[in-house]
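Values reported hereafter were calculated over all heavy atoms of this structure, with side chains retained and with hydrogens, waters and symmetry mates removed. Throughout, residue positions are numbered sequentially from 1 according to the sequence presented. The model shown is predicted, which means the values in this text are computed figures rather than measured ones.
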Amino acid sequence: MLPIREPDQIRQDCARKLRAVQVSEHFQAILGCLLGENWTTPRLLEMMISPDGHMVGRCEGQPGFSTFLGASEDLIRNIHGVASVAGLDGDEVGYLVAKVAEVKRAG
């Protein structure tokens, strides 16, 4: 039986696996934001999902949420797609999906 991992250990394992996968810079910025990683310049600092499901973000140096990121359901689909490529386990996929849910609640 595998030991239970702390959320930060899950985050670190997830980030390590995803770092090795080639994705678009746009998606890399979103994943970096969800995982608290500094993977892109400018860095995507925070995201918000509007009630109609559109994601917007705030990058370093921006005063507000002015970067359009796409539809939240596309993000969930892309997370599941990259998860199989990166070899993410259920905990790691769950961590990312939970982070998207937090963004939704914050919006």
Visitor: Go through the structure and list residues passing side chain to side chain donor-acceptor pair (under 3.5 Å) with Arg58, not counting sequence neighbours.
Guide: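 Result, side chain to side chain donor-acceptor pair (under 3.5 Å) vs Arg58: Glu46.
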Visitor: Search all heavy atoms of Ala83 against all heavy atoms of Val93 and return the closest pair with its distance.
Guide: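 Here Ala83 and Val93 meet closest at CB-CG2, 3.5 Å.
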Visitor: For Asp89, is there any backbone N or O sitting under 3.5 Å from a side-chain donor or acceptor partner on Glu92?
Guide: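 Between the backbone of Asp89 and the side chain of Glu92 there is a qualifying donor-acceptor contact (under 3.5 Å).
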Visitor: What's the spacing between Cys33 SG and Gln28 CD if we round to 0.5 Å?
Guide: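 The SG atom of Cys33 sits 13.0 Å away from the CD atom of Gln28.
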Visitor: Do Val23 and Val82 have side-chain heavy atoms sitting under 4.5 Å apart?
Guide: yes
Visitor: To the nearest 0.5 angstrom, please state how far the CG atom of Asn78 sits from the OG atom of Ser24.
Guide: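 One finds 8.0 Å between CG of Asn78 and OG of Ser24.
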Visitor: I need the Leu18 CG to Leu96 CG distance, nearest 0.5 Å.
Guide: 6.0 Å
Visitor: As an exercise, state the distance from OH of Tyr95 to CD1 of Ile79, rounded to the nearest 0.5 Å.
Guide: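 So the OH of Tyr95 and the CD1 of Ile79 are separated by 12.0 Å.
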Visitor: Do Arg5 and Asp91 come within less than 4.5 Å of each other through their side chains, counting heavy atoms only?
Guide: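 Yes; the side chains approach each other to less than 4.5 Å.
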Visitor: I'd like to know if Arg11 and Glu37 make a salt bridge, using a cut-off of under 4.0 Å between side-chain N and carboxylate O.
Guide: yes
Visitor: According to a hydrophobic-cluster definition based on side-chain heavy atoms being under 4.5 Å apart (Ile, Leu, Val, Met, Phe, Trp, Tyr only), do Val100 and Ile10 belong together?
Guide: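 Linked, Val100 and Ile10 end up in one cluster.
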Visitor: Tell me whether the count of non-hydrogen atoms from other residues, nucleotides or ligands lying under 6.0 Å of CD in Gln9 goes above 12.
Guide: yes
Visitor: His80: what forms a ring pair (Phe, Tyr, Trp, His ring centres under 6.0 Å) with it, not counting sequence neighbours?
Guide: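 Here no residue qualifies.
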Visitor: Sequence neighbours excluded, which residues qualify as side chain to side chain donor-acceptor pair (under 3.5 Å) partners of His26?
Guide: none
Visitor: Would you mind listing every ring pair (Phe, Tyr, Trp, His ring centres under 6.0 Å) that reaches into residues 32-64, with sequence neighbours excluded?
Guide: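 Only His54-Phe68 qualify under ring pair (Phe, Tyr, Trp, His ring centres under 6.0 Å).
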Visitor: Who are the salt bridge (Lys or Arg N to Asp or Glu O under 4.0 Å) partners of Arg43, not counting sequence neighbours?
Guide: none
Visitor: The criterion is side chain to side chain donor-acceptor pair (under 3.5 Å); which residues satisfy it with Asp74, sequence neighbours excluded?
Guide: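 Side chain to side chain donor-acceptor pair (under 3.5 Å) check on Asp74 returns Arg77.
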Visitor: Leu75 and Ile30: which non-hydrogen atoms are nearest, and at how many Å?
Guide: CD1-CG2, 3.6 Å
Visitor: So Leu35 and Cys14, do their side chains get closer than 4.5 Å, heavy atoms only?
Guide: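 With C-beta onward as the side chain, the pair touches.
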Visitor: Atom CE in Met55, atom NZ in Lys104: separation rounded to 0.5 Å?
Guide: 10.0 Å
Visitor: Is the backbone N or O of Gly87 less than 3.5 Å from a side-chain atom of Lys17, with the two atoms forming a donor-acceptor pair by type?
Guide: yes
Visitor: Quick one: pull up OG1 in Thr67 and CG in Leu44 and give me the separation to the nearest 0.5 Å.
Guide: 7.0 Å
Visitor: When you compare the side chain of Leu34 with that of Val103, does any pair of heavy atoms fall below 4.5 Å?
Guide: yes
Visitor: Return yes when atom CD of Glu73 has more than 12 non-hydrogen atoms of other residues, nucleotides or ligands closer than 6.0 Å, and no otherwise.
Guide: yes
